[in-house]
Amino acid sequence: MEGRRILRLEQRRADLRFPLPDRFAERVANARIDRLARQAKFLTAHLSTDEVLVMHLGMTGRFTISGEPPGAFHQATGGTIAHDHVVFHMEGGETVTYNDPRRFGFMELWPAATFEAYPRLKDLGPEPLSNGFSAAYLDTALRGKAAPVKAALLDQSIIAGLGNIYVCEALYRAGISPKRLSRSIPGLRAARLAPAISAIIAEAIAAGGSSISDFAGTDGALGYFQHRFDVYDREGQPCKRCGGMVQRIVQSGRSTFYCQSCQR
DNA sequence: GCTTGGACCTGATTGC
DNA sequence: TGCAATCAGGTCCAAG
């Protein structure tokens, strides 16, 4: 999409999680995508119209690409056409389709001139693979916090881009209990946790992501990281490290999987 | 100010 | 077999 024009946008419903932008199709028609980027879990397309199109997949959103010649790209299997909500008809003939059964994703347009003030991105913490993220940063960010470390790691203003699965896996890798209070992490535990977080993310990206039920690449290929989960979705199964049993608990409404024996 | 829990919505799975 | 209840990867907001 980068460097190409959106010839036409087809909007098939008024809203996703939030209402789609006013006059959406009109505002992006013939706009060139000057830069396509990602910040945390947000996708950003800087348009030649001096607006930024911000896109989020929520939990079940996906983009699929189809075009000519057939076979260059193909529609991912499993996506129901009924949930194809937005279709970008691109210069060159390809179509890029946003499909999202649960409609937890969203798209918004924001003026490029004030994009630094865009509310959903302005308070994000550093990304796990960026220079701004380190054990020293975790020390500072978690110091004095009362919330369990599991909740803190899901907080995008502390670290950007971690979701429930990777938080569970990173805490397991570091041998830290998800119930431990954040304020007890600074020091040696932060020194273990920071590299564990970075490693989990790097490995998941290298494996093509995690396919629980919905995830797939733009060509429909599934990710493989789920085959490497050490604790996530392994309730009742033996811990791969110590042989103890993997437990499932609920913390702030989300499932947490961990080993009570070797995560302290 | 920080933390938690509910809401958003549909589909797959589980249990009766 | 069919139906109802439950749960799911994220984010925001109100309430405590």
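Within every chain, numbering begins at 1; the chains are lettered A, B, ... in the order of the sequence lines, protein sequences first and strands thereafter. Computed over heavy atoms, backbone and side chain alike; hydrogens, waters and symmetry mates excluded.
Between the CD atom of Gln251(A) and the P atom of dG5(B) there is a distance of 10 Å, given to the nearest Å. In this structure, the CD1 atom of Ile249(A) is 12 Å from the P atom of dG5(B), given to the nearest Å. If you take CZ of Phe257(A) and P of dG9(C), they are 8 Å apart, rounded to a whole angstrom. Rounded to an integer number of Å, the gap from CZ of Arg254(A) to C1' of dG10(C) is 6 Å. For the pair Asp155(A) CG and dG5(B) P, the interatomic distance rounds to 15 Å; values are reported in whole Å. Atom NZ of Lys179(A) is separated from atom C1' of dT3(B) by 18 Å (rounded to the nearest Å). Atom pair Met59(A):CE and dG11(B):P shows a separation of 14 Å (rounding to whole Å applied). dG1(B) atom P lies 22 Å from atom CZ of Arg143(A), rounded to whole Å.
Using a 4.0 Å heavy-atom cutoff across all strands shown, Arg120(A) reaches sugar-phosphate atoms only and no base atom. Across all strands shown, Pro119(A) has no heavy atoms under 4.0 Å from either base or sugar-phosphate atoms.
When each of Ile176(A), Leu138(A), Val167(A), Leu154(A) is tested with Val149(A) by the rule side-chain contact (heavy atoms from CB on, under 4.5 Å), just one qualifies, namely Ile176(A).
Nucleotides dC3(C) and dC9(B) place their P atoms 25 Å apart, quoted to the nearest Å. If you take atom C1' in dT6(C) and the same atom in dG6(B), they sit 16 Å apart, rounded to whole Å. Separating the C1' atom of dG11(B) from that of dC12(C) is a span of 23 Å, rounded to the nearest Å. Going from the P atom of dG9(C) to that of dT14(B) covers 15 Å, rounded to whole Å.
Both Leu109(A) and Phe88(A) are members of a single hydrophobic cluster when ILVMFWY side chains are connected at heavy-atom separations under 4.5 Å.
With dG10(C), dC12(C), dG5(B) as the candidates, the nucleotide lying closest to the side chain of Phe18(A) is dC12(C). Listed nucleotides: dG11(B), dG9(C), dA8(C). Nearest to the side chain of Asn164(A): dG9(C). Nearest to the side chain of Phe104(A), among dG9(C), dA8(C), dC8(B), sits dC8(B). You'll find that the side chain of Arg17(A) is closest to dC8(B), out of dC7(C), dC8(B), dT4(B). The nucleotide whose nearest atom lies closest to any side-chain atom of Ile165(A) is, among dG10(C), dG11(B), dG9(C), dG9(C).
For the OP1/OP2 pair of dC9(B) and a distance below 4.0 Å, the side-chain nitrogens and oxygens of His83(A) include no atom meeting the criterion. Not one side-chain nitrogen or oxygen of Arg102(A) sits closer than 4.0 Å to the OP1 or OP2 atom of dC7(C). Under 4.0 angstrom from either OP1 or OP2 of dG10(C) there lies no side-chain N or O belonging to Gln156(A). OP1 or OP2 of dT10(B) has at least one side-chain nitrogen or oxygen of Arg103(A) nearer than 4.0 Å. Here His56(A) reaches the OP1 or OP2 of dT11(C): one of its side-chain N or O atoms lies under 4.0 Å away. Contact annotation: Tyr166(A) side-chain N/O to dG9(C) OP1/OP2 distance is not under 4.0 Å. Between Lys145(A) and dT3(B) there is a side-chain N or O to OP1 or OP2 distance below 4.0 Å. Between Thr60(A) and dA8(C) there is no side-chain N or O to OP1 or OP2 distance below 4.0 Å.
Counting non-hydrogen atoms of other residues, nucleotides and ligands closer than 6.0 Å to CZ of Arg13(A) gives a total above 12.
Side chains of Ser66(A) and Thr95(A): a donor on one and an acceptor on the other come within 3.5 Å.
Pro21(A) has its side chain within reach of Arg27(A): a pair of non-hydrogen atoms, C-beta onward, lies under 4.5 Å apart. The closest side-chain heavy-atom distance from Arg120(A) to Phe106(A) is below 4.5 Å.
The partner of dC9(B) is absent, by the rule that a Watson-Crick or G-U pair needs both atom distances under 3.5 Å. Across all strands shown, nothing is found opposite dG9(C) as a Watson-Crick or G-U wobble partner with both distances under 3.5 Å.
At least one donor-acceptor pair under 3.5 Å links the side chain of Asp139(A) to the backbone N or O of Gly187(A).
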